[in-house]
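Computed over heavy atoms, backbone and side chain alike; hydrogens, waters and symmetry mates excluded. Since we're looking at a predicted model, the values are computed, not measured.
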Amino acid sequence: ASKKASNKRQRGNQKSCSNVFSMFEQSQIQEFKEAFGCIDQDRDGVIKKQDLKETYAQLGKLNIKDEELEEMLNEGKGPINFTVFLTLFGEKLNGTDPEDTILAAFKPFDPNGTGFVNKDEFKRLLMNQADKFTADEVEQAFTLAPIDPIGNIDYKQLCYIITHGDEKEE
């Protein structure tokens with residue numbers, strides 16, 4: 001009976017591996033392919049310790065420990081080809097609720113936990129940090145946002161709209 005169970009378990013693992021492509025949209029798979037290509041420095045189709053080391057070096061982190069790299073590689077439980085890479089991301093992303101993730105992203109802008117962020121302050125941040133939105137992009141992003149008369153965004157409601165859709169659209 002235990003042999004039967006282990007065969008069944010192996011088939012289950014194979015099924016989940018081949019099924020990983022159905023977890024993502026084609027555009028996401030393409031983005032993961034590009035990321036994989038950036039990390040796979042020697043272009044052999046497998047991410048190895050040297051690939052990770054060189055990738056970190058390009059990002060300016062030169063003193064990463066071998067143990068850290070090995071820990072990352074061990075998550076793949078074998079050679080990390082693109083399917084394994086995608087599976088690892090699938091496992092990491094699958095456990096997260098998109099709504100919780102979005103709410104967590106707003107937390108630093110709402111230290112008192114009010115559920116609101118000031119529209120003007122948020123606009124300033126969006127236009128001056130990381131990807132630097134243009135004024136038009138910010139205004140476009142704000143079209144869906146529930147904003148009260150004094151200019152505060154109800155980001156909890158916004159998270160709901162992002163993850164469940166806007167009732168007004170129907």
Side-chain angles (χ1 to χ4, degrees), residues 12 15-40 47 51-52 54-65 68-69 71-76 80 82-170:
K15 185 176 172 243
S16 69
C17 234
S18 63
N19 200 17
V20 70
F21 289 90
S22 65
M23 288 175 60
F24 299 104
E25 292 173 23
Q26 203 54 48
S27 61
Q28 291 173 304
I29 291 173
Q30 194 53 47
E31 286 176 24
F32 282 124
K33 254 191 194 126
E34 288 168 22
F36 183 87
C38 291
I39 299 168
D40 180 20
I47 294 175
D51 295 320
L52 287 176
E54 288 174 29
T55 302
Y56 273 108
Q58 288 176 353
L59 297 170
K61 189 169 183 183
L62 301 171
N63 54 353
I64 188 153
K65 294 183 183 82
E68 284 181 71
L69 298 173
E71 206 174 291
M72 288 179 213
L73 292 170
N74 288 339
E75 282 191 51
I80 299 182
F82 181 66
T83 305
V84 173
F85 182 77
L86 202 58
T87 304
L88 289 171
F89 271 96
E91 288 169 359
K92 295 238 183 293
L93 297 173
N94 208 8
T96 60
D97 174 19
E99 202 164 348
D100 288 345
T101 306
I102 298 167
L103 283 172
F106 276 98
K107 286 251 184 316
F109 309 109
D110 182 24
N112 300 325
T114 62
F116 293 90
V117 291
N118 179 273
K119 179 182 90 154
D120 297 330
E121 175 66 12
F122 197 61
K123 179 178 184 174
R124 190 184 62 73
L125 287 168
L126 289 173
M127 291 174 68
N128 294 302
Q129 302 294 322
D131 285 343
K132 292 193 171 98
F133 283 63
T134 65
D136 287 343
E137 288 169 330
V138 173
E139 289 310 315
Q140 192 178 352
F142 283 171
T143 57
L144 271 184
I147 301 171
D148 69 16
I150 54 170
N152 290 317
I153 300 170
D154 180 345
Y155 68 83
K156 289 180 179 176
Q157 183 63 33
L158 179 61
C159 290
Y160 184 86
I161 291 168
I162 291 169
T163 56
H164 295 86
D166 189 2
E167 290 84 33
K168 287 182 281 198
E169 288 178 1
E170 291 172 21

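Within 6.0 Å of CD on Gln28 lie more than 12 heavy atoms contributed by other residues, nucleotides or ligands. Within 6.0 Å of CD in Gln58 there are more than 12 heavy atoms belonging to other residues, nucleotides or ligands. Counting heavy-atom neighbours within 6.0 Å of Phe36 CZ, excluding the residue itself, gives a total above 12.
Smallest separation of non-hydrogen atoms from Ile39 and Leu52: CG2-CD2, 3.9 Å. Taking every heavy atom of both residues into account, Ala145 and Leu158 meet most closely at CA-CD1, 3.8 Å. Nearest heavy-atom pair across Pro108 and Ala104 is CD-O, 3.4 Å.
In this structure, CE on Met72 lies 3.0 Å from OH on Tyr56, to the nearest 0.5 angstrom. The distance from atom CZ of Phe106 to atom CZ of Phe122, rounded to the nearest 0.5 Å, is 4.0 Å. To the nearest 0.5 Å, atoms OG1 (Thr55) and CG (Leu69) are separated by 10.0 Å. One finds the CD1 atom of Ile47 at 9.5 Å from the CZ atom of Phe82 (value rounded to the nearest 0.5 Å).
A distance below 6.0 Å separates the ring centres of Phe89 and Phe85.
Residues satisfying the side chain to side chain donor-acceptor pair (under 3.5 Å) criterion with Gln30, sequence neighbours excluded, are absent altogether. When the side chain to side chain donor-acceptor pair (under 3.5 Å) test is applied to Glu121, the partners found at least two apart in sequence or on another chain are Arg124.
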Which donor-acceptor pairs under 3.5 Å do side chains of residues 147-156 form with protein atoms, sequence neighbours excluded?
{"unit_1": "Asp148", "atom_1": "OD1", "unit_2": "Ile150", "atom_2": "N", "d": "3.1"}
{"unit_1": "Asp148", "atom_1": "OD1", "unit_2": "Gly151", "atom_2": "N", "d": "3.1"}
{"unit_1": "Asp148", "atom_1": "OD1", "unit_2": "Asn152", "atom_2": "N", "d": "2.9"}
{"unit_1": "Asp154", "atom_1": "OD1", "unit_2": "Lys156", "atom_2": "N", "d": "3.3"}
{"unit_1": "Asp154", "atom_1": "OD1", "unit_2": "Gln157", "atom_2": "N", "d": "3.1"}
{"unit_1": "Tyr155", "atom_1": "OH", "unit_2": "Asp110", "atom_2": "OD2", "d": "2.7"}

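Put simply, the side chain of Asn118 gets close to the backbone of Asp120: a donor and an acceptor are under 3.5 Å apart.
Inter-residue side-chain proximity for Met127 and Glu137 is flagged as unmet; no heavy-atom pair is nearer than 4.5 Å. In this structure, the side chains of Leu88 and Ile80 come closer than 4.5 Å at one or more pairs of heavy atoms.
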